[in-house]
Amino acid sequence: MSTASPRPAQPLHALVDCNNFYANCERLFRPDLRGRPVIVLSNNDGCVVARSQEAKALGIGMAVPAYRIRDLIEREEVAVFSSNYALYADVSQRVMRVLEEAVPRVEQYSIDEAFLDLSGLADPVALARALRQRVHRWVGVPVSIGLAPSRTLAKLANAAAKRWPATGGVVDLRDPHRQRRLLRLMPVEEVWGVGRRLGRRLRAMGIDSALKLADSDPALMRKAFSVMLERTVRELRGQSCLELEEAPPPRQQVLCSRTFAERVSALAPLREAVSHFAARAAEKLREDGQLTRQVSVYLRTNPHHPREPQHHPLVTVPLPEPTADSRDVLHAALRALETAWRPGHRYMKAGVLLGELVQPRSWQRDLFDHLPTRRRSDALMQTLDRINRAGRGRLFFASEGIRRPWQMRRDHLSPAYTTRWSDLPRVR
DNA sequence: GCTATTATAGGGCGTTCC
DNA sequence: CCGCGGAACGCCCTATAA
């Protein structure tokens, strides 16, 4: 009976994470900014969303409102950029391509991170070092790599690779003794899945380091907190609970929302904004190859001004049949807006949410359904998308408006170096 | 005066169904 | 017929992450 079946090799996860990604994207074509503090602002130039190492050293925090550090920016000559997602998405794709060419199992986890399955490799550390060098040479952005038997440990290994330059940007955390040594140094909030709130509650129980969390009783953690934290504890002990997902499950909702450049009270400009978000959301839906059965619209007044009248309605409109046609989504969104809007409020943000998504094949019209299907919808939408892929915003709906006083501010936008010929830097 | 965006998982609670 | 208890679900909220 006991023919020892070949035991699968210990799983090995690697996390590749780009360092200060947006800031380094902005520096790619600006060698004059090397060694200088660089920050990138959120949509509408509101908050800091990325900082170069030099900017972090100045004490500039994540998500700090830009207006609060205006003096510091001026004094230290910090280079400021509006976020340029077209650029970051393009650089991201190049990084991912390098990884995918070298490793068969890659899961892109976010715009600047990917998990790799390196199980069974003879010398994964050598591969990691080679990858790091390759991305730097071919794309130009620095990355750090952490290796460990679980994803949560790989995250911590990656954090260590970033924190200690002597590691050469690669940390191998396969050895249990090394794991414990690193976990002891890591504050519990640095653990993946532990945020500010959980961190505070854990500290109140005397669990202040990653090591103490790893040494806590998983069953107890499940009872006191949630299954998520139980998984985290197991992962910290080197037991892999989160597997690589090469084909991530289809998205469950599509959201398109934005803070306005100016507060908006009147219905007319809100109609334009909601039309715009609805059209954009439908476009994303088609990129995904999905259909929606439900459109919601929400509005927000400024919660930072509690003395103004507050209103944050969310109105949902079901659709008679699943669709990815911008006209259907737009029409439903405008109907929802009529219900949501109340006069006498200064709205600062609106959003369009598509829910109840379905794959086209899994949905079949019932035989006795006599609803008229709009014919040639697919062809029309394909044409619309093709034209707009060549340059966003070439074709749009009249209800989106032309003046768009609500449109976001982007006062420090970098040129489209990688996606527009006319913005290519010239070398003389 | 200015305060991000998009997405997911899970908890709590009320309703409905059996 | 009623009432009970649990499953299942919708809805809203919180927490987290990048």
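Note that the coordinates shown come from a computational prediction; the quantities given were computed from them, not determined experimentally. All chains are named by letter (A, B, ...) in the order of the sequence lines, taking the proteins before the strands, and each is independently numbered beginning at 1.
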Just by distance, with hydrogens left out, do [X] and [Y] show a side-chain donor and acceptor under 3.5 Å apart?
X: A:Asp117; Y: A:Ser119; result: yes
X: A:Gln53; Y: A:Asn20; result: yes
X: A:Asn19; Y: A:Ser144; result: yes
X: A:Ser414; Y: A:Asn84; result: yes
X: A:Thr152; Y: A:Arg231; result: no
X: A:Arg97; Y: A:Gln93; result: yes

Roughly how many Å apart are B:dC2 and C:dA18, using the P atom of each and rounding to a whole number?
30 Å
Write down the distance separating the P atoms in B:dT3 and C:dA17, rounded off to the nearest Å.
25 Å
Please pick, from [options], the nucleotide with the shortest atom-to-atom distance to any side-chain atom of [X].
X: A:Arg197; options: B:dG10, B:dC2, C:dT16; result: C:dT16
X: A:Leu198; options: B:dT3, B:dA9, C:dT16; result: C:dT16
X: A:Thr259; options: B:dT5, B:dT8, B:dA9; result: B:dT5
X: A:Arg251; options: B:dA7, B:dT3, B:dT5; result: B:dA7
X: A:His305; options: B:dA9, B:dT3, C:dA18; result: B:dT3
X: A:Tyr67; options: B:dC2, B:dG10, B:dT6; result: B:dC2
X: A:Arg70; options: B:dG1, C:dA18, B:dT6; result: B:dG1
X: A:Arg258; options: B:dT6, C:dC12, B:dA4; result: B:dT6
X: A:His304; options: B:dT3, C:dA18, B:dT6; result: B:dT3
X: A:Met228; options: C:dA18, B:dA9, C:dT16; result: B:dA9

Looking at [X], I'd like to know whether one of its side-chain N or O atoms comes within less than 4.0 Å of OP1 or OP2 on [N].
X: A:Ser226; N: C:dA15; result: no
X: A:Lys155; N: C:dA18; result: yes
X: A:Lys349; N: B:dT5; result: yes
X: A:Arg231; N: B:dG10; result: yes

May I ask you to say what [X] touches in the nucleic acid, namely base, sugar-phosphate or nothing, with a heavy-atom cut-off under 4.0 Å?
X: A:Val191; answer: sugar-phosphate
X: A:Asn44; answer: nothing
X: A:Gln253; answer: base
X: A:Val194; answer: sugar-phosphate
X: A:Ile111; answer: nothing
X: A:Val48; answer: nothing
X: A:Tyr109; answer: sugar-phosphate
X: A:Arg409; answer: nothing
X: A:Arg201; answer: nothing

From [atom1] of [X] over to [atom2] of [N], roughly how many Å is that when rounded to an integer?
X: A:Tyr298; N: B:dT6; atom1: OH; atom2: P; result: 7 Å
X: A:Leu242; N: B:dG10; atom1: CG; atom2: P; result: 11 Å
X: A:Tyr88; N: B:dT6; atom1: OH; atom2: P; result: 15 Å
X: A:Arg410; N: B:dA4; atom1: CZ; atom2: C1'; result: 14 Å
X: A:His312; N: C:dC12; atom1: NE2; atom2: P; result: 14 Å
X: A:Met348; N: B:dT3; atom1: CE; atom2: P; result: 7 Å
X: A:Glu230; N: B:dG11; atom1: CD; atom2: C1'; result: 16 Å
X: A:Asp112; N: B:dT6; atom1: CG; atom2: C1'; result: 15 Å

Is it possible for you to check whether A:Arg201 lies under 6.0 Å from the centre of the six-membered ring of A:Phe225, through NZ or CZ, and within 45° of that ring's axis?
no
Nearest-nucleotide check on DNA chain B, A:Val254 vs A:Arg263; residue mapping nearer the 5' end is A:Arg263
On DNA chain B, check which nucleotide each of A:Lys284 and A:Cys47 is closest to and give me the residue with the more 5' one.
A:Cys47
So do the side chains of A:Pro309 and A:Thr301 get within less than 4.5 Å of each other, counting heavy atoms only?
no
Do the side chains of A:Glu54 and A:Arg27 get close enough for a salt bridge, i.e. N-O under 4.0 angstrom?
yes
Can you run through DNA chain B from 5' to 3' and write each base as (, ), [, ], | or . depending on how it pairs? Watson-Crick or G-U wobble, both distances under 3.5 Å.
....||||||||||||||
Which label fits A:His345 and A:His311: parallel for a plane angle under 30°, tilted from 30 to 60°, or perpendicular past 60°?
tilted
